[in-house]
Chemist: 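One structure is given below, represented as structure tokens, and several questions about it will come after.
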Amino acid sequence: MDTSRQRIHGTPRFRWLGSGPVPACLDLRRCGWLLDEQREPGVGCIGVIDAGDLDSVAWMGVLSAWTAEVRRGILVAGVRRPHERARLLDIGFGDALNEGIDIGELSARADRVNAHACLLPRLRDFGPLQLDLLAREAYAFDEPLNLNPREFALLWRLTDSPNQIVSKQALVQDVWRLGFMPQTNSIAVHMSRLRRKLGFAGLRNMLETASQEGYRLRIPHNHGKVFRTSTAEPPRRAASVAAPCEAAKVISAQA
């Protein structure tokens with residue numbers, strides 16, 4: 001959903017991720033936004049945080065806890081140095097702003113972050129596993145898995161919630177577009193084929209059956225979810241996981 005539609009059919013929301021009340025200079029409610037009272041970032045609601053409130057330890061906690069998917073929906077304010085703002089953008093934050101930004105500009109930039117966060121990325125990278133939405137294909141160690149459309153749709157849906165159980169009912173609803181559970185073993189058959197292809201490619205233990213509840217895609221903790229929206233490049237390796245640590249060292253200098 002784009003921002004213009006959201007403003008027509010619902011008021012845009014933001015979450016304040018800092019401590020204490022929202023400072024007036026960053027309070028998007030002055031521009032018609034609604035404040036979501038939750039203090040944790042989440043999909044579907046942008047987050048705002050003031051870099052000036054964080055020391056180096058706090059920044060390390062932020063960067064280790066927030067995945068690439070979450071970071072792209074967060075606007076970081078109060079970043080004084082240009083190279084610090086550039087580094088935060090480089091590791092996937094939605095925007096990085098200087099101190100003293102006008103509330104009107106802040107709202108406009110928040111609109112842009114909100115719209116960008118709602119875009120469906122072309123590419124998803126999980127270490128050795130890459131998914132290309134445009135090609136409807138997945139790659140393991142840069143080799144195609146040769147998935148059929150249903151297998152790709154199932155794998156893409158599982159990557160929406162890595163390391164979490166996705167119920168069979170959710171898969172039926174999102175992949176088959178059915179509002180009821182069919183009396184067939186179609187899910188099990190497709191999952192078996194998908195697991196076999198992953199296994200042949202060297203990712204044998206990535207897809208798990210979670211009892212009778214559903215399925216889970218196991219992603220090692222050092223392979224966070226990385227999104228890229230370019231439609232001109234083939235699948236390639238995810239960015240180095242060392243980048244967030246470098247950013248923390250840089251940004252902590254202003255604390």
Side-chain angles (χ1 to χ4, degrees), residues 1-54 58-59 61-80 82 84-124 133 156-157 159-162 164 170 173-174 224-231 244 247 251:
M1 180 187 299
D2 63 30
T3 307
S4 60
R5 285 181 60 84
Q6 191 170 12
R7 284 196 178 280
I8 293 172
H9 298 288
T11 305
R13 298 175 299 119
F14 75 102
R15 293 179 182 177
W16 172 241
L17 306 179
S19 59
V22 188
C25 61
L26 300 177
D27 194 344
L28 290 169
R29 287 175 292 186
R30 295 167 57 192
C31 295
W33 292 64
L34 289 179
L35 175 64
D36 189 312
E37 295 298 334
Q38 295 188 54
R39 291 298 183 103
E40 292 295 326
V43 178
C45 183
I46 72 164
V48 179
I49 190 169
D50 187 355
D53 290 342
L54 302 176
W59 264 112
V62 164
L63 294 171
S64 62
W66 295 348
T67 64
E69 179 183 17
V70 170
R71 288 198 297 268
R72 73 194 193 118
I74 294 175
L75 188 153
V76 184
V79 186
R80 295 191 295 267
E84 294 169 351
R85 295 194 292 272
R87 173 47 92 184
L88 291 173
L89 294 173
D90 187 52
I91 63 173
F93 280 94
D95 207 345
L97 311 175
N98 202 347
E99 295 177 322
I101 185 170
D102 176 78
I103 192 64
E105 181 182 351
L106 177 67
S107 180
R109 289 180 176 271
D111 275 337
R112 178 182 174 278
V113 171
N114 193 35
H116 181 72
C118 293
L119 292 176
L120 189 64
R122 170 184 171 176
L123 303 175
R124 285 180 173 176
L133 180 60
W156 184 272
R157 176 61 184 85
T159 60
D160 282 338
S161 308
Q164 298 179 26
Q173 179 176 342
D174 296 339
K225 189 187 296 186
V226 177
F227 295 87
R228 287 178 278 111
T229 56
S230 169
T231 57
I251 199 71

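Numbers for residues simply follow the sequence, beginning at 1.
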Chemist: Do you know the tightest heavy-atom contact between Gly32 and Thr11?
Modeler: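 Closest heavy-atom pair between Gly32 and Thr11: O-CG2, 2.9 Å.
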
Chemist: About how many Å separate CG of Asp50 and CD of Glu99, when rounded to the nearest 0.5 Å?
Modeler: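 So the CD of Glu99 and the CG of Asp50 are separated by 7.5 Å.
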
Chemist: Taking Arg15 for the side chain and Cys45 for the main chain, is one N or O donor matched with an acceptor at less than 3.5 Å?
Modeler: no

Chemist: For Leu17 versus Arg39, what's the shortest heavy-atom pair and its separation?
Modeler: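 So the minimum-distance heavy-atom pair works out to CD2-O, 3.4 Å.
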
Chemist: Which atoms form the tightest heavy-atom contact between Leu89 and Ala96, and what is the distance?
Modeler: CD2-N, 3.8 Å

Chemist: Counting N and O atoms only, with roles assigned by atom type, does the side chain of Ser107 sit under 3.5 Å from a partner on the main chain of Gly104, one being a donor and the other an acceptor?
Modeler: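 Pair absent, no side-chain N/O of Ser107 close to backbone of Gly104.
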
Chemist: Strictly distance-based, threshold 3.5 Å: is any side-chain N or O of Arg13 a donor or acceptor partner for the main-chain N or O of Asp36?
Modeler: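 No.
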
Chemist: Measure the CG-SG distance between Leu106 and Cys25 for me, rounded to the nearest 0.5 Å.
Modeler: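 Answer rounded to 0.5 Å: 8.5 Å.
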
Chemist: Once rounded to the nearest 0.5 Å, what's the spacing between atom CG of Leu97 and atom CG of Leu75?
Modeler: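 The CG atom of Leu97 sits 4.5 Å away from the CG atom of Leu75.
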
Chemist: Atom CZ in Phe14, atom CD1 in Ile74: separation rounded to 0.5 Å?
Modeler: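 Between atom CZ of Phe14 and atom CD1 of Ile74 there are 14.0 Å.
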
Chemist: For the residue pair Trp16 and Leu26, establish whether any side-chain heavy-atom pair is separated by less than 4.5 Å.
Modeler: yes

Chemist: Would you check if Val113 and Arg109 make a side-chain contact, meaning some heavy-atom pair closer than 4.5 Å?
Modeler: no

Chemist: Looking only at heavy atoms, what is the nearest atom pair of Ile103 and Arg30, with distance?
Modeler: CG2-NH2, 3.8 Å

Chemist: Which atom pair, heavy atoms only, marks the closest approach of Arg80 to Asn98?
Modeler: CA-OD1, 3.5 Å

Chemist: I need the minimum non-hydrogen distance between Ala110 and Leu28, along with the two atoms involved.
Modeler: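 Minimum heavy-atom contact is CB-CD1, 3.9 Å.
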
Chemist: For Arg29 and Leu35, indicate whether the former's side chain and the latter's backbone hold a donor-acceptor pair under 3.5 Å.
Modeler: no

Chemist: Would you indicate whether the side-chain heavy atoms of Trp33 and Ile46 approach each other to under 4.5 Å?
Modeler: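 Ile46 vs Trp33: side chains touch.
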
